Amino acid sequence: MAEVFRHTWWAFAQVYYDLRALALVGNFFWFLAMLPLVPIVGIPGAYALQQAVLQTDAPVTGLQFFVFIVGGTVVGGALAGPGTAALFHVAHRHVEYENIEARDFWVGFRLNFARAWILFVVDLCLLYGLVVGFIFYTGTGQLLIQALGFLSLYFVVLWTAAQAYLFPMFIRYDMSLYHLFRNAAVMALSSPGSSIAFFIIVVVSVVLSMLLIFPAVFLVASTLALVAMRMTQDRLHAFGVEPEGRIL
């Protein structure tokens with residue numbers, strides 16, 4: 001667990017000392033790619049969550065909300081997915097001590113476009129399913145069934161921890177989406193302390209990004225990407241695998 005926090009401090013220092021490459025080329029371009037996804041998913045998602053929590057009636061059903069949000073994710077994912085792959089491509093080049101230019105983000109975006117789009121959409125749909133399961137089971141009013149809802153929170157933590165390995169392996173290795181998700185889950189489960197630490201760091205980063213726009217625009221994504229690259233290296237070494245793969 002302590003190693004993950006050290007990786008975070010190292011990653012923050014890297015972003016701070018290389019603002020042009022990591023904050024502008026990486027984080028800022030990623031933020032622009034993610035921006036269209038915020039209103040088309042975030043606004044109806046927040047409204048649906050409020051409706052579910054307050055148990056209020058509305059002309060739009062939960063299923064219709066879910067379909068709209070998934071559809072919005074498919075549309076917005078055309079930029080957000082490849083943009084996330086490009087962010088990790090930039091982080092990978094930095095870890096490999098390569099010079100980073102603005103064109104590197106575009107290279108990572110273009111070469112990974114289709115697969116990154118699909119990976120991103122499937123990844124977020126898994127999260128949506130876990131959130132819907134939590135809302136559904138905890139809203140039944142039956143204690144035993146509500147316990148299943150709180151169990152889904154464990155899988156939300158696992159999903160968050162798996163993000164530390166999903167896109168780094170996507171960038172490094174040419175493997176199927178099934179194997180990417182399976183290996184990311186195995187790596188997260190194999191190191192519970194690291195998974196919890198990464199979850200804490202993500203939660204703190206999200207809170208800071210909601211309170212202050214600056215971290216989201218310039219710092220958070222690049223920092224988390226570098227932490228994820230280091231965590232993936234650690235896990236691969238623990239499994240006796242040399243962290244060598246395709247370098248775009």
Side-chain angles (χ1 to χ4, degrees), residues 1-19 21-23 26-27 30-31 34 84-98 100 108 119-120 123-124 126-127 130 152-173 175 179-212 214-245:
M1 179 180 290
E3 191 67 24
V4 177
F5 291 115
R6 283 195 291 269
H7 290 334
T8 304
W9 179 250
W10 168 84
F12 179 77
Q14 295 298 305
V15 176
Y16 177 78
Y17 286 112
D18 199 354
L19 288 174
L22 296 174
N27 208 119
W30 171 86
F31 180 81
M34 292 291 295
T84 303
L87 171 71
F88 279 89
H89 171 66
V90 169
H92 177 61
R93 287 184 62 86
H94 181 81
V95 171
E96 295 294 324
Y97 307 106
E98 299 284 347
I100 299 171
L119 175 64
F120 185 85
D123 190 30
L124 276 191
L126 289 175
L127 176 62
L130 292 173
S152 66
L153 289 179
Y154 165 79
F155 290 105
V156 171
V157 175
L158 176 61
W159 177 90
T160 305
Q163 304 308 304
Y165 311 106
L166 190 62
F167 271 93
M169 286 194 297
F170 173 84
I171 292 298
R172 288 181 177 277
Y173 300 105
M175 62 178 67
H179 286 96
L180 282 171
F181 282 106
R182 185 199 65 179
N183 292 343
V186 169
M187 294 170 78
L189 288 170
S190 69
S191 183
S194 297
S195 297
I196 294 173
F198 187 74
F199 177 78
I200 293 172
I201 292 168
V202 170
V203 170
V204 171
S205 299
V206 170
V207 172
L208 288 176
S209 296
M210 293 174 65
L211 296 176
L212 305 169
F214 178 80
V217 177
F218 295 108
L219 301 177
V220 167
S222 288
T223 301
L224 290 178
L226 289 173
V227 173
M229 297 302 296
R230 278 292 184 89
M231 289 177 63
T232 301
Q233 285 182 335
D234 290 347
R235 285 291 83 208
L236 290 174
H237 282 131
F239 283 114
V241 178
E242 289 297 324
E244 296 178 356

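Every value quoted in this text rests on a predicted model; they were computed, and no experiment measured them. In what follows, residues are counted from 1 in the order of the sequence shown.
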Worksheet, complete the sentence: Interatomic distance, CG@Asp234 vs CE@Met229, rounded to 0.5 Å, equals 11.5 Å
Discussion item. To the nearest 0.5 Å, what is the distance between OG1 on Thr223 and CH2 on Trp10?
Written reply: 10.0 Å
Item to complete: Can you measure from CE (Met169) to CE (Met175) and round to the nearest 0.5 angstrom?
Response: 6.0 Å
Response to the item:
Nearest heavy-atom contact between Ala184 and Ala162 is CB-O, 3.7 Å
Worksheet item: Once you round to the nearest 0.5 Å, how far does CZ of Phe198 lie from CE of Met231?
Response: 6.0 Å
Fill in: Trace of the salt bridge (Lys or Arg N to Asp or Glu O under 4.0 Å) decision for Arg93 with Glu96
CA-CA 5 Å; Arg93 287 184 62 86; Glu96 295 294 324; over 6 Å; no
Item to complete: Evaluate the side-chain proximity of Leu22 to Tyr17: yes if any heavy-atom separation is below 4.5 Å, no if none is.
Response: no
Worksheet item: Shortest non-hydrogen contact from Ala225 to Ala91?
Response: CB-CB, 3.9 Å
Worksheet entry | Test log, rule side-chain contact (heavy atoms from CB on, under 4.5 Å), inputs Phe181 and Leu126 | CA-CA 11 Å; Phe181 282 106; Leu126 289 175; 3.8 Å; yes
Discussion item. As an exercise, state the distance from CD1 of Ile171 to OG1 of Thr232, rounded to the nearest 0.5 Å.
Written reply: 11.0 Å
Discussion item. Less than 4.5 Å apart, side chain to side chain, heavy atoms only: is that true for Ser190 and Arg235?
Written reply: yes
Worksheet item: Does a side-chain heavy-atom distance below 4.5 Å link Ile201 with Phe5?
Response: yes
Response to the item:
Heavy-atom closest pair (Phe31 atom, Ala216 atom, distance to 0.1 Å) is CD1-O, 3.8 Å
Worksheet item: Do Met187 and Leu236 pass the side-chain contact (heavy atoms from CB on, under 4.5 Å) test, and can you show the C-alpha distance, the side-chain angles, and the key distance before you say yes or no?
Response: CA-CA 9 Å; Met187 294 170 78; Leu236 290 174; 4.2 Å; yes
Item to complete: Please report the closest heavy-atom contact between Pro215 and Leu208, naming both atoms and the distance.
Response: CG-O, 4.2 Å
Practice prompt. Please answer whether the main-chain N or O of Asn27 pairs with a side-chain N or O of Ser222 as donor and acceptor at a distance below 3.5 Å.
Written response: yes
Worksheet item: Which atoms form the tightest heavy-atom contact between Met1 and Gly193, and what is the distance?
Response: CE-O, 3.6 Å
Practice prompt. Look at the rings of Phe167 and Phe88 and say which category their plane angle falls in: under 30° parallel, 30 to 60° tilted, over 60° perpendicular.
Written response: parallel
Discussion item. Suppose we screen for side-chain hydrogen bond (donor to acceptor under 3.5 Å, both in side chains). Which residues come up paired with Ser194, at least two apart in sequence or across chains?
Written reply: Ser191
Worksheet entry | Backbone N/O of Gln233 and side chain of His237: donor-acceptor pair under 3.5 Å | yes
Item to complete: Please indicate whether Tyr16 has more than 12 foreign heavy atoms, meaning atoms of other residues, nucleotides or ligands, lying under 6.0 Å from its OH.
Response: no
Item to complete: For the residue pair Phe218 and Phe214, categorise the inter-ring angle as parallel (less than 30°), tilted (30 to 60°) or perpendicular (more than 60°).
Response: tilted
Worksheet entry | Reported NE2-to-CG distance for the pair His7 and Leu224, which is rounded to 0.5 angstrom | 13.5 Å
Discussion item. Looking at Val202, is its backbone amide N or carbonyl O close enough to the side chain of Thr160 to form a donor-acceptor pair, meaning the two atoms are under 3.5 Å apart?
Written reply: no
Discussion item. Just to verify, what does Arg182 make a salt bridge (charged side-chain N to carboxylate O under 4.0 Å, His left out) with, not counting sequence neighbours?
Written reply: none
Worksheet, complete the sentence: Applying side-chain hydrogen bond (donor to acceptor under 3.5 Å, both in side chains) to Asp123 and not counting sequence neighbours gives Trp159, Gln163
Worksheet entry | Worked check of side-chain contact (heavy atoms from CB on, under 4.5 Å) between Leu153 and Val157 | CA-CA 6 Å; Leu153 289 179; Val157 175; 5.7 Å; no
Discussion item. With a 3.5 Å distance limit and no angle check, can you tell me whether Asn183 reaches the backbone of His179 through a side-chain donor-acceptor pair?
Written reply: yes
Practice prompt. Measure across Val220 and Ser209 and return the closest heavy-atom pair with its distance rounded to 0.1 Å.
Written response: CG2-OG, 3.4 Å
